[in-house]
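To start, the structure itself, in structure tokens.
Counting begins at 1 with the first residue of the sequence.
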Amino acid sequence: MTTAPMRDASYVKHPQVALRPPQEVMRLKRMGSFFPTRLSFVRSMLRCLAADNVEVTRPVWEMDSEGYGRAVYSLSLGGHVYSLVAFSKRLEPTQRTDRVIAEAWDSSYVLYDGIPSTEELDRLQANTPLQEAGRFQATDLVLSRANKSVRLFAHVAERLSQGLQPDEDMIASIGYLMRTTAVYGNGKFGIADRTRILNRPMLADPFRIEMLTVWLIRGFTHDLVEYVAEQKNPDNFVPLEKRFKHYLGIGNSTGLGMAPFLVSHPILINNWMMVRETALARVRAIEEVDTHTVKEVNRLLSRASKHLEQWNVPDNLQMERIVTLRIEVAALRIMIENDFLLQAFAWNKLIEHSKKWSTECQEFIVSLALEAYGELIDGLTSCMGSVVLPRLEPAMTLGELHTLIKSNFDWTLDIDFESEAASKQFWYVSEEKLEPRLGNRFEEAGAELELPLDIARQVQYLEKAIASLPKDQTLAIFLIHHPEYRHVIRRIQTNQHHPYSEIQDNLIGQDCLPIDMLRCKLSFFGAAKFDPKSDRWTRINLYQGAPLFDELQNNGADDWWLPVLESAS
């Protein structure tokens, strides 16, 4: 596994069982059943903030009585100061949409490198609400926007202004005051390139700076709704109870634009999967579970069961999976309460036993197992990045390449790509918004502009192309005559050293569900409450249950896996 350098030179080798093979892990059905874990980016990011004793301040709050204006939140992390610059504006109902084609939003944000001056605030205020149409500089690290959950935001503000707390059922069913529709980093639209912060303490890991931005946005939404409520009726206003603040995360609407990432970053995805599977292998190798951990697992299962009861979605397929999961987790709780974990190598036996349950339950148990062993696995998160790009090895012979195809890509060879079902879909980039889309090859125009995400088909065509050629011929010679295969050959060679780099399914077949790719990636972010709106986009919740700005140093700052809305005491 090629990774970013380990930060702790004192490396300890831990016992572990064999990792689950890529043939099992890298299937869409399983990837589309992943749950957030303590290795997820939001969890590791907040642990870093707590370790660095981060304090969040609010040097600027310039809002009118209706909550429109600008605010700045600043913090010092690893010797550098970062500021969320937030802008809130009136949005007409006709302009409100979560689709990427939107041109206006309730709020917009920049994570700024340093503390912005008044002149910089004015520059950002002129450009940030424009998002893609704005002009940005190297000091602008992350760009984002969000829309209110209009019904819940108005309800909470009204109730607080009357001296009352909001309706629990309404809070539970929605779970956020605002939802982001994009969080851009890595140089997009002229903001800072990732190299600007790559070597800074605690920001080198994947998506850490984006997840920091979202956490700060969440705090802003809490402040904004309380401010609006107080402005309505300062004499009767009461602040929002902390149990509600904990439960209110940040919603997000995510569609096809995110899916190709899992294909276009093979080494990075391998490292994410390798860390997850290595962590599981370490837990499975534990011979004896101590009584404290058994008690902790029972506590986590009790909370997770409540979380599952509070996870309800309109999508019939996902709701069926949730109902099945509730039944299976109830059976799991009975097993744990009957001392299943007191057996030798109990975790390994539980993972094997779970194969009789749904894939969703199997991956739930993986997340549960990891949650109980932070000291054993948390350090692995420093291996989730990569600065290495796939490289072609031109000296390899066609015989060696054919052996790799047969050993690692044999799953591609029996697919009948002449059938309509196997080649029904094609990926392309929309001209309007430069975002990935999925078309029907037999009903829509544009297949000639197809993105190279048809990995299985490319491998099969390559295997046929080299079948009759001399086995000792080098790839350098072959590619002189067939340069069109350079891309797929590089992927095959990359997979030799990075076994979790390929999704082992046909990504252009009629059975490919992009929602599985979305859930996989979002689980690594730390998303929960997956709420599919089709097989191509979903809503999620980030930071639900997470510590607030003033809670990072509390003992429970990292104890928010699968949170629940607690009842009033």
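- Across all their heavy atoms, Q318 and D315 have their closest contact at N-OD2, 2.8 Å.
- How far CG of D511 is from CD of Q425: 9.0 Å, rounded to the nearest 0.5 Å.
- Every residue meeting the side-chain contact (heavy atoms from CB on, under 4.5 Å) condition with K355, not counting sequence neighbours, appears here in chain and number order: E24, E352.
- The minimum heavy-atom distance between Q460 and I415, with the atom names listed, is NE2-O, 2.8 Å.
- Cation-pi contact between R218 and Y543: absent, since separation from the ring centre below 6.0 Å together with deviation from the ring axis within 45° is not met.
- Atom CE of M45 and atom OG1 of T381 lie 12.5 Å apart (nearest 0.5 Å).
- Within the 3.5 Å criterion, the main-chain N or O of L565 finds a donor-acceptor partner in the side chain of Q310.
- Tested against E277, the residues Q16, R282, R20 include a single side-chain hydrogen bond (donor to acceptor under 3.5 Å, both in side chains) partner, R20.
- Remark: the backbone N or O of R27 is not paired with any side-chain donor or acceptor of D505 at under 3.5 angstrom.
- D535 contributes atom CG, which lies 8.0 Å from atom CG of L256 (distance to the nearest 0.5 angstrom).
- Under the 4.5 Å side-chain criterion, counting only non-hydrogen atoms from C-beta, L513 is not in contact with L28.
- No donor-acceptor contact under 3.5 angstrom links the side chains of T359 and R30, judged on distance only.
- Among all heavy-atom pairs drawn from S33 and E363, the shortest one is O-CB, 3.3 Å.
- Within 6.0 Å of atom CG in D414, 12 or fewer heavy atoms from other residues, nucleotides or ligands are found, so the atom counts as exposed in its surroundings.
- With hydrogens and angles ignored, the 3.5 Å screen pairs no side-chain donor or acceptor of R457 with any backbone N or O of T412.
- Smallest separation of non-hydrogen atoms from R303 and L562: CG-O, 3.6 Å.
- For the residue pair E328 / S358, a side-chain donor-acceptor distance below 3.5 Å is found, with atom types taken as modelled.
- The aromatic rings of W272 and F524 sit tilted, their planes meeting at an angle between 30° and 60°.
- Shown here is K29, whose NZ atom has no more than 12 heavy atoms of other residues, nucleotides or ligands within 6.0 Å.
- A donor-acceptor pair shorter than 3.5 Å can be found between the side chains of N495 and S501.
- A ring-centre distance under 6.0 Å is not found for F41 and W215.
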Practice task
Would you check, one step at a time, whether the test side-chain contact (heavy atoms from CB on, under 4.5 Å) holds for I515 with F530?
Solution key: CA-CA 10 Å; I515 194 75; F530 293 93; over 6 Å; no
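- Proximity of a side-chain donor or acceptor of R38 to a complementary backbone N or O of I377 within less than 3.5 Å is not detected.
- Cation-pi geometry between R43 and W560 is satisfied (NZ or CZ under 6.0 Å from the ring centre, within 45° of the ring normal).
- The number of heavy atoms from other shown groups lying within 6.0 Å of CD (E418) does not exceed 12.
- Here the closest heavy-atom approach between residue R519 and residue G32 is recorded as CD-O, 3.2 Å.
- Figure legend: cation-pi geometry between R276 and F34, with NZ or CZ positioned under 6.0 Å from the six-membered ring centre and within 45° of its axis.
- No donor-acceptor pair under 3.5 Å is formed between the side chain of N271 and the backbone N or O of M384.
- Ring pair F426/Y428 is tilted by interplanar angle, where 30° to 60° counts as tilted.
- Note: T397 OG1 to L475 CG = 7.5 Å, rounded to the nearest 0.5 Å.
- Side-chain atoms of N312 come within 3.5 Å of backbone atoms of E309 as a donor-acceptor pair (strictly under, hydrogens ignored).
- In this structure, F136 has its ring center no closer than 6.0 Å to that of F189.
- Side-chain atoms of S40 do not come within 3.5 Å of backbone N or O of V42 as any donor-acceptor pair.
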Exercise for the section: For V263 and L451, run side-chain contact (heavy atoms from CB on, under 4.5 Å): C-alpha distance rounded to whole Å, both residues' side-chain angles, the deciding distance at 0.1 Å, then the answer. Expected result: CA-CA 11 Å; V263 182; L451 292 172; over 6 Å; no
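- Between the OH atom in Y176 and the CG atom in L542 there is a gap of 11.0 Å [rounded to 0.5 Å].
- R441 pairs in a salt bridge (Lys or Arg N to Asp or Glu O under 4.0 Å) with only one of the listed residues (E448, E420, E450), which is E450.
- The closest donor-acceptor contact from the side chain of H265 to the backbone of F261 lies under 3.5 Å.
- Here the shortest heavy-atom pairing between Q458 and Y485 reads O-CE2, 4.4 Å.
- Checked by atom type and distance alone, the side chain of R536 pairs as donor or acceptor with a backbone atom of L438 at under 3.5 Å.
- A donor-acceptor contact shorter than 3.5 Å links the side chain of S354 to the backbone of I351.
- One finds the CH2 atom of W347 at 9.5 Å from the CZ atom of F340 (value rounded to the nearest 0.5 Å).
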